[in-house]
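Data first, discussion second: the structure below is written as C-alpha cells.
Keep in mind that the numbers below use all heavy atoms, side chains included, and drop hydrogens, waters and symmetry copies.
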Amino acid sequence: MTTIKTNCPTCGEVDLTPDDIELHPGPDAGQGSFYAFGCPGCQGLVRKEADERVVRLLVSAGVSRVVAVAAPQSQDPPLTYDDLLDLHALLATDAWFDDLLDLVHP
C-alpha cells in the first residue's frame, strides 16, 4: 500500500495511507483546495492547503476527492422580522398549537 508522508504541526512528520486523507478540491485547479487528516500521533485534525501540484500528487497516490453537494435552494421567501414577530405573538397564546395546525392544514 502507498505511504504518504506529511507533517502534523504538533507531531512533525507522519506516515499516512490514501484512506487516511480527505482531499477537498477547490473550484479551480488548486485554488481553495485542501486536504485533511486525523493525526495518528496526537489524534488532532490537521488541515493543509493544497496547490495544483499537491492535488495531482495526492490523486495519483490514490487519495479520493471529497465532492461537496450543494443544498437545494428554497423557492420560499426569506424569513423576515415581521414573520418572527407574528410567530412570537402566536406562541404567546394558549391555543398556539391549534392555530399553527390550522395554518398548515386548513
Side-chain angles (χ1 to χ4, degrees):
M1 172 155 290
T2 303
T3 300
I4 300 167
K5 292 187 182 295
T6 188
N7 287 307
C8 167
T10 304
C11 301
E13 188 174 284
V14 293
D15 294 335
L16 304 170
T17 67
D19 291 338
D20 297 330
I21 301 171
E22 288 185 351
L23 175 59
H24 298 262
D28 296 323
Q31 297 286 50
S33 299
F34 67 93
Y35 65 97
F37 60 93
C39 177
C42 67
Q43 305 303 313
L45 180 62
V46 180
R47 176 181 163 151
K48 295 184 156 261
E49 290 184 22
D51 60 18
E52 186 177 353
R53 183 184 69 81
V54 171
V55 169
R56 282 195 321 266
L57 285 170
L58 290 173
V59 170
S60 70
V63 175
S64 299
R65 293 179 175 109
V66 175
V67 179
V69 177
Q73 296 296 315
S74 173
Q75 300 301 319
D76 296 326
L79 193 65
T80 66
Y81 288 115
D82 287 339
D83 296 329
L84 291 175
L85 288 172
D86 291 343
L87 177 62
H88 178 73
L90 175 67
L91 294 175
T93 66
D94 289 335
W96 70 266
F97 190 75
D98 294 328
D99 293 342
L100 189 60
L101 284 177
D102 289 341
L103 290 173
V104 175
H105 302 288

| Should Val54 and Tyr35 be marked as a side-chain contact (heavy atoms from CB on, under 4.5 Å) after you check the CA-CA gap, both sets of side-chain angles, and the distance that decides it? | CA-CA 9 Å; Val54 171; Tyr35 65 97; 4.0 Å; yes
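When the side-chain hydrogen bond (donor to acceptor under 3.5 Å, both in side chains) test is applied to Asp15, the partners found at least two apart in sequence or on another chain are Lys5.
A pairwise comparison of heavy atoms in Cys11 and Cys39 identifies SG-SG, 3.6 Å as the closest pair.
With hydrogens and angles disregarded, no donor-acceptor distance shorter than 3.5 Å links the side chain of Ser33 to the backbone of Pro25.
Interatomic distance, CG of Leu23 versus CG of Leu58, reported as 5.5 Å (0.5 Å rounding). A distance of 11.5 Å separates OG1 in Thr6 from CG in Asp20, rounded to the nearest 0.5 Å. Rounded to the nearest 0.5 Å, atoms CG (Leu90) and CH2 (Trp96) are 8.0 Å apart.
No side-chain heavy atom of Phe37 sits under 4.5 Å from any side-chain heavy atom of Ile4.
Applying the ring-ring contact (aromatic ring centres under 6.0 Å, His included) test to pairs two or more places apart or on separate chains, none has a residue in residues 64-91. The salt bridge (charged side-chain N to carboxylate O under 4.0 Å, His left out) pairs that include a residue from residues 74-103 number zero, where partners must be two or more places apart or lie in different chains.
Criterion: ILVMFWY side-chain heavy atoms under 4.5 Å apart, direct or through other members. Under it, Ile21 and Leu57 are not part of a common hydrophobic cluster.
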